[in-house]
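One structure is given here, and the rest of the page talks about it.
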Number of protein chains: 2
Amino acid sequence: MNEVTMPRSGPVAREIYAALRQRIMAAQLMPGTAISEVQFSEQLGVSRTPVREVFRRLADEGLLRIVPQVGTFVAPIQLRAVYDSQFVRETLECRTIVLAAGNMSIQAADDLQDFLTLQKRAIRDNDLEKFFDADDRMHTYLIGLGGYPAIWELIQGVKAQLDRVRYLSLESGDWLNRIFDQHEMIVSRVIEADTTGAEAAMREHLQSVFLTIEKLAENRPELFEGNMGTSTTPISTS
Amino acid sequence: MNEVTMPRSGPVAREIYAALRQRIMAAQLMPGTAISEVQFSEQLGVSRTPVREVFRRLADEGLLRIVPQVGTFVAPIQLRAVYDSQFVRETLECRTIVLAAGNMSIQAADDLQDFLTLQKRAIRDNDLEKFFDADDRMHTYLIGLGGYPAIWELIQGVKAQLDRVRYLSLESGDWLNRIFDQHEMIVSRVIEADTTGAEAAMREHLQSVFLTIEKLAENRPELFEGNMGTSTTPISTS
DNA sequence: ACTTGATTACTAGTATGCAAGAGGAGAAAC
DNA sequence: GTTTCTCCTCTTGCATACTAGTAATCAAGT
């Protein structure tokens, strides 16, 4: 899932990148965990070079923090960066959803319904991965409808921060149902070509992550880095 | 001038990155130019490693195109990517300007006036670099006023495509004056806390690059890559 | 017991060597 | 003259060796 734009390098770096990124986002590697180039190289049976390349890229995305001569660490969750990411995503997706609502077709309406069906099944099977995947696919599709499909790549980069929060908060079935209802609302309004309604629904949907963030910040404060002040770390920019 | 967020790597890579990026954006290295890691290494007196790292990063930004076992080339201007970049920038800056207009203070108003003064001087001196610099600084400041200063880093990455067009089109004094007028309009409306007016002014301002693009596409078609279809290259993502 | 200092074991940054593949130049065959 | 095949050069991808700097540990001195 979360098939982000792959680096153009060799297939070795590609795999490492996808795998490590997933492990970080799914919080198998907790924020603050120290990793190292040699450790990872040996573990994967490759040399430092491709690993190093992947580290650099993930550091650019804000998922790793490289401290020269000291080590590389899974970035702590910075509230500031998370809120920045949410802002970017909301701004871009609310704009594209307006365009999408003005670009509807029978085919598109059917496709959107299919995405909803997939999500409902994922919830029924209690398959978080599958739900996230279907979620992503639907957002991708909606952005494509807006006429700027490449925007998704940028959002993917920014979204990593948000996804990590979602994974860590272990969203429950109830929560997934709420998200699904929001998706249903968005889709219905987009299909009706209700631009302002669709935008409002998308905004509410994307802002619902705030609750998740607050809950997580309360229950697992050790995962966060305090300063909400001037953000010294980039917000991602895949 | 366009001090983009620096990579966290060693100072060697930092310098190379800044220098090469500037040379590409200022079109000293024309789109399509073939460069190579060894050529650049020897020219700069360093090894391939840091050069290679910089190449990767610039490829991620969409300014270079790396073809394995063949070579690395300054990316041609892709209309699709340019329009995508413009869309992202317009969407984000139009949203932040609304927030900025709601966050005004006496100090901020004075600062904005200072930026305008700087720009007027740059035009008087016919100093394109200085004007671009003051332009950037003002946009940065406005985004900061909106409360999400880190957004600028993302825009910086996206903006590279647009800046390259601006450099290549050799904007004249007349053109600079038009941009200045737009800036004046934006500032006055922001100071008046006229949110919708400021947003409209910003939108018009950021859309004026379309004229520049069309002119360049007409006069220098060899710099472009035809396909407006599915964009196979990322839109930048600093 | 505590502080201070040197040593040691790590880290990432850089340099370099090797492998694999793409592409052009030139010679040979027709 | 044209085509085709071979070889040679150049490219990036990957592996490895070396440098420099950090930090923790442990011993010595107080």
Side-chain angles (χ1 to χ4, degrees), chain A residues 5-21 23-24 29-76 232-234, chain B residues 5-21 23-24 29-76 232-234:
Chain A
T5 312
M6 292 300 182
R8 297 109 203 86
S9 326
V12 179
R14 279 175 108 94
E15 285 180 34
I16 301 175
Y17 173 77
L20 181 52
R21 188 175 201 273
R23 285 179 63 184
I24 295 174
L29 289 170
M30 295 295 280
T33 306
I35 57 188
S36 93
E37 295 175 359
V38 287
Q39 164 201 339
F40 242 74
S41 310
E42 292 170 0
Q43 184 175 336
L44 298 175
V46 297
S47 81
R48 277 179 60 203
T49 312
V51 172
R52 179 176 170 75
E53 188 175 319
V54 170
F55 277 22
R56 179 200 60 76
R57 173 175 268 260
L58 289 171
D60 285 347
E61 290 186 29
L63 291 176
L64 289 183
R65 180 170 299 181
I66 299 174
V67 184
Q69 270 67 27
V70 174
T72 300
F73 310 87
V74 178
T232 61
T233 302
Chain B
T5 313
M6 290 301 181
R8 299 108 202 86
S9 323
V12 179
R14 279 174 110 92
E15 284 179 35
I16 300 175
Y17 172 77
L20 181 52
R21 188 175 200 273
R23 284 180 63 184
I24 294 174
L29 287 171
M30 295 294 280
T33 305
I35 58 188
S36 95
E37 296 174 359
V38 286
Q39 164 200 340
F40 243 75
S41 311
E42 293 170 358
Q43 184 175 335
L44 298 176
V46 297
S47 81
R48 277 180 58 203
T49 311
V51 172
R52 182 177 170 75
E53 186 174 322
V54 169
F55 278 23
R56 288 280 163 292
R57 181 174 272 107
L58 289 170
D60 287 346
E61 290 186 31
L63 290 176
L64 289 183
R65 180 170 299 179
I66 299 174
V67 185
Q69 272 68 35
V70 175
T72 301
F73 309 87
V74 178
T232 61
T233 302

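Per chain, numbering begins at 1; letters A, B, ... match sequence-line order.
Atom CG in B/Leu64 sits about 15 Å away from atom P in D/dT11, given to the nearest Å. Going from atom CG of A/Leu44 over to atom P of D/dC14 covers 13 Å, rounded to whole Å. Atom CZ in B/Arg52 sits roughly 11 Å away from atom P in D/dA15 (whole-Å rounding). Atom CD1 of B/Ile35 is separated from atom C1' of D/dC10 by 15 Å (rounded to the nearest Å). Rounded to a whole Å, the CD1 atom of B/Ile16 is 8 Å from the P atom of C/dA15. Here D/dT12 presents its C1' atom at 16 Å from CZ of B/Phe40, a figure rounded to the nearest Å. A/Arg65 has its CZ atom 15 Å from the P atom of C/dA12, to the nearest Å. Atom CD in A/Glu37 sits about 13 Å away from atom P in D/dA15, given to the nearest Å.
The main-chain N or O of B/Leu29 is never found under 3.5 Å from a side-chain atom of B/Thr33 such that the two would form a donor-acceptor pair.
Checking A/Ser47 against A/Val70, the closest nucleotide of DNA chain D that is more toward the 5' end is the one next to A/Ser47.
In this model, a side-chain donor or acceptor of A/Arg48 finds a partner on the base of C/dG13 within 3.5 Å. With hydrogens and angles left out, the side chain of B/Gln69 and the base of C/dA22 share no donor-acceptor pair within 3.5 Å.
The nucleotide whose nearest atom lies closest to any side-chain atom of B/Ile66 is, among D/dC14, C/dT14, D/dT12, D/dT12.
The minimum heavy-atom distance between A/Gly32 and A/Phe73, with the atom names listed, is O-CD2, 3.9 Å.
Residue contacts shown for B/Thr72 are limited to sugar-phosphate atoms, with no base heavy atom under 4.0 Å away. Note on B/Ser36: only backbone sugar-phosphate atoms sit closer than 4.0 angstrom, heavy atoms only; bases stay farther off.
With contacts defined as side-chain heavy-atom distances shorter than 4.5 Å, the pair B/Phe40/B/Val54 does not qualify. Counting heavy atoms from C-beta outward, B/Val12 and B/Leu44 have side chains that stay 4.5 Å or more apart.
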TODO: Take B/Asp60 and A/Arg56, measure what side-chain contact (heavy atoms from CB on, under 4.5 Å) needs, and give me the verdict at the end.
DONE: CA-CA 12 Å; B/Asp60 287 346; A/Arg56 179 200 60 76; 3.4 Å; yes

